[in-house]
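Shown next, in structure tokens, is the structure this report addresses.
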Amino acid sequence: MIKGNYLAVVVHDNTTRILFSSLLAQELLGLTEEQMLGKTTVDPAWHFFDEDGAVLPQEEYPVNKVMTTHQGLLDMVIGVHRPGKNNVWILVSAHPVFEEQGEVSQVIVTFIDITERKQTEEALRESANLHKSIITTSADGFWLLDNNGNFLEVNDAYCQMIGYTRAELLQMSISEIEASETSEEIAKNIKSVIEKGFDRFERTHRCKDGRLIEVEVSTSFLELLEGQFCAFIRDITEHKQAEGELKFNRYYLEKAQEISSLGSWELDLRINKLVWTDENYRVFGVPLGTELTYEIFLNCVHPEDREYVDRKWKAALAGEPYDIEHRLIVDGQVRWVREKAEMEFDGDGKAIKGIGFTQNITKQKQAEDELRESEEQHRALIENVNDIILILDKNGVILWSSPVVRKFGMDPEEAIGENALNFIHPDDRDRVELTRKYCIEHPGETITIEGLKVISGDGRLLFLDDTVIYLPDTPGINGIIITGHDVTERVQLEEERTKGAKLESIGLLAGGIAHDFNNILTTILTNVSLAKMMLEGEGSDDARERLTQSEQAGRRAAALTQQLLTFSRGGAPVKKTAMLGDIVKESTGFALSGSNVKCRHYIDKDLW
């Protein structure tokens, strides 16, 4: 039975010399039976390491610990290095066998292969690290609150935004930074978010130094996380200030748990007798010593899984593999188990015996579900972030893109494999390339690029404020993370304000010049008028005509001066009806003034 079991077994004498090893033990340890028999724990052929990858000291070997303490050892996780083969992870238990005098005569070591479980844990951990790193490097602030408004977690961006350290914020509540609402109003809003599940609103927060900042809050109620709230906070102070000025001048598997227990069983199909080890009784929650049959086993299975388990068992009787996961009902509680069996057949191909194990994987299932939920929550959070998030390799090629790039006319899947420089305006490509090289040389350092010109998928020119960090040793990333915040609207507002200021300066200059010029023209026109009066009756028609032309030209200059004054004061231009013939005469006279050319006008009297 031991040799056919899925529980590996090694028996040591009181000198740690190996007396027996099962076939599975030989396979997992990468040694033959001849190589194992007679070996002691000091043999250099052993290559064990702990969960951190460090070489396991000999005093920490399970056999040595049992021999030293005279006590059993349960569920120790050990890595096994097998030269020429893949490493494996095993879950080890060791139990002493005592002589009548009380001395340890033998140590029985049992272990199972948990390599697959460890690989699953690592994959889930890498996924969680990815989303955690993205939130940590987000340009937006992020916090997690309990249902009383107390801070449970914040990212660096929010700490920088509000001026408090993470340690300080984790001792505070939202009411201590909220400047636009009372405690009663905050409680009312929390209730509203719980009812709706999600909300987005603008608030005023008070910084540590007393400054008030305007923020946009996007929050979700996480019912699965004991009623917590997560939120992304964006500082919109500059946007609000720009918006106000424009109106005035004209706006985030946990680690999977270790297997707690494992039992073995044997079913003699010829007499329908089922034998369990004590641990198997405990896994199923059945009193020790209870007489067992296949039907009793099946009654322990969750009602919704019985048909599945029975079908898989019958298929195993026909020669198919039996390796399944299903639920049990133990003391009214659901428990998950994994079962695996090896069947024995007679000469006619009829199944006569089954030997296998039952592994309690409830904690592992719970941890996987929690990690999966966490991953889904992080993914949902990322998809709701308004900023572009990219992961590049060290050469600038896009490895991953957040869905938000669709808002900028790009397809996330089509962007993968493209060099990020292809989306940068030619004016800024040198700046981006210098930043990329600097990040490669300074991993872990966050770099900011402001006002970066980007060409969207539909050809629009956009402006982004980017944060860039190179994380070469972070599992699941191993590249450059870029978070880009769209500031196109802000840049356009600033350009509009600049144009307005230039126009105002021109108006002031024109007003000053016009005022001085008007004073000069007044003097000239007065003297011209007096000269005409002095020539009355003296018969000098030519002199009077020239004075008249000078007077008319002066009045036109005065009218032009009044138009400049009107412009400088912001008034509407003055319009009036004029005779076309008079305009022609005045214009030609002005143009020919000082020359030897005279002009005669033949203008129809009805021309206007």
Side-chain angles (χ1 to χ4, degrees), residues 1-9 22 24 74-75 91 93 95 110-114 116-117 120 253 256-346 348-370 372:
M1 175 176 176
I2 290 178
K3 291 187 177 181
N5 204 338
Y6 284 90
L7 181 68
V9 180
S22 67
L24 182 56
L74 293 174
D75 299 342
L91 188 69
S93 296
H95 305 277
T110 60
F111 49 93
I112 60 171
D113 184 358
I114 61 169
E116 184 178 345
R117 189 198 81 186
T120 300
L253 190 163
Q257 299 298 303
E258 297 178 0
I259 299 171
S260 61
S261 58
L262 182 144
S264 60
W265 52 267
E266 179 180 352
L267 176 61
D268 190 331
L269 294 164
R270 294 166 294 191
I271 57 177
N272 194 23
K273 182 179 180 180
L274 180 60
V275 178
W276 285 353
T277 62
D278 289 353
E279 188 61 34
N280 217 63
Y281 275 103
R282 285 189 282 270
V283 170
F284 279 82
V286 175
L288 293 176
T290 301
E291 291 292 329
L292 301 167
T293 62
Y294 175 74
E295 290 70 26
I296 292 176
F297 150 76
L298 202 58
N299 284 334
C300 297
V301 176
H302 192 288
E304 296 178 2
D305 293 350
R306 286 175 189 163
E307 187 277 331
Y308 164 73
V309 173
D310 187 53
R311 175 164 44 85
K312 297 300 287 186
W313 175 249
K314 289 177 179 177
L317 297 180
E320 293 187 11
Y322 185 77
D323 187 353
I324 63 173
E325 294 179 359
H326 64 84
R327 293 169 292 174
L328 305 175
I329 298 295
V330 179
D331 298 330
Q333 301 295 318
V334 175
R335 179 177 294 176
W336 277 93
V337 296
R338 177 192 177 196
E339 287 199 281
K340 190 172 183 178
E342 183 180 84
M343 305 304 298
E344 182 180 336
F345 299 87
D346 62 16
D348 297 326
K350 181 179 179 181
I352 57 175
K353 183 185 293 187
I355 299 174
F357 71 83
T358 306
Q359 180 181 0
N360 184 349
I361 60 171
T362 305
K363 291 182 179 179
Q364 177 184 344
K365 282 288 187 179
Q366 292 172 342
E368 290 174 356
D369 290 343
E370 291 171 1
R372 191 175 295 108

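Everything numeric in this text was worked out from a predicted model, so none of it was measured.
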### Query
Is the CD atom of Glu344 crowded by more than 12 outside heavy atoms at less than 6.0 Å?
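Correct, the count exceeds 12.
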### Query
More than 12 heavy atoms of other residues, nucleotides or ligands under 6.0 Å from CD of Glu307: is that the case?
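Yes, the 6.0 Å shell around CD holds more than 12 heavy atoms from other groups.
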Minimum heavy-atom separation for [X] to [Y], with atom names?
{"X": "Ser22", "Y": "Ala8", "answer": "OG-CA, 3.6 Å"}
{"X": "Leu269", "Y": "Lys353", "answer": "CD1-N, 3.8 Å"}
{"X": "Phe284", "Y": "Arg335", "answer": "N-NH1, 4.4 Å"}
{"X": "Thr293", "Y": "Leu274", "answer": "O-CD2, 3.7 Å"}
{"X": "Asp348", "Y": "Asp346", "answer": "N-OD1, 2.9 Å"}
{"X": "Met343", "Y": "Ala316", "answer": "CG-O, 3.7 Å"}

### Any side-chain heavy-atom pair of Ile112 and Leu7 under 4.5 Å
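Contact flag for Ile112/Leu7 side chains = yes.
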### Contact check, side chains of Val334 and Ile329, non-hydrogen atoms, under 4.5 Å
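Yes - at least one pair of side-chain heavy atoms lies under 4.5 Å apart.
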Look up atom [atom1] in [X] and atom [atom2] in [Y], then write down how far apart they are to the nearest 0.5 Å.
{"X": "Glu266", "Y": "Asn280", "atom1": "CD", "atom2": "CG", "value": "12.0 Å"}
{"X": "Leu267", "Y": "Asn272", "atom1": "CG", "atom2": "CG", "value": "6.5 Å"}
{"X": "Lys340", "Y": "Ile355", "atom1": "NZ", "atom2": "CD1", "value": "14.5 Å"}
{"X": "Arg306", "Y": "Leu298", "atom1": "CZ", "atom2": "CG", "value": "6.5 Å"}

### Task
Can you sort out the partners of Glu291 under side chain to side chain contact (heavy atoms under 4.5 Å, CB included), two or more places apart, ordered by chain and number?
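Residues passing side chain to side chain contact (heavy atoms under 4.5 Å, CB included) with Glu291: none at all.
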### Query
Under the side-chain contact (heavy atoms from CB on, under 4.5 Å) criterion, do Lys350 and Leu317 qualify, and how do the steps go?
CA-CA 8 Å; Lys350 181 179 179 181; Leu317 297 180; over 6 Å; no
Does any N or O in the side chain of [X] come within less than 3.5 Å of the main-chain N or O of [Y], such that one atom is a donor and the other an acceptor?
{"X": "Asp305", "Y": "Arg327", "result": "yes"}
{"X": "Thr277", "Y": "Gly263", "result": "no"}
{"X": "Ser93", "Y": "Asp75", "result": "yes"}

### Task
Using the side-chain hydrogen bond (donor to acceptor under 3.5 Å, both in side chains) rule, pick out the option among Arg338, Glu304, Glu339 that qualifies with His326.
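One option only clears the test, and that one is Glu339.
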### Task
Step by step, work out the side-chain contact (heavy atoms from CB on, under 4.5 Å) result for Tyr281 and Leu292.
CA-CA 10 Å; Tyr281 275 103; Leu292 301 167; 3.3 Å; yes
### Step-by-step side-chain contact (heavy atoms from CB on, under 4.5 Å) determination, Tyr322 to Val309
CA-CA 10 Å; Tyr322 185 77; Val309 173; 3.9 Å; yes
### Query
Stepwise, does the side-chain contact (heavy atoms from CB on, under 4.5 Å) test hold for Tyr294 with Asp310?
CA-CA 10 Å; Tyr294 175 74; Asp310 187 53; 2.8 Å; yes
#### Entry: Step-by-step salt bridge (Lys or Arg N to Asp or Glu O under 4.0 Å) determination, Arg282 to Asp278
CA-CA 7 Å; Arg282 285 189 282 270; Asp278 289 353; 5.1 Å; no
### Task
Assign the ring pair Trp313 / Trp265 to parallel, tilted or perpendicular, where the plane angle (0 to 90°) is split at 30° and 60°.
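Correct class here is perpendicular.
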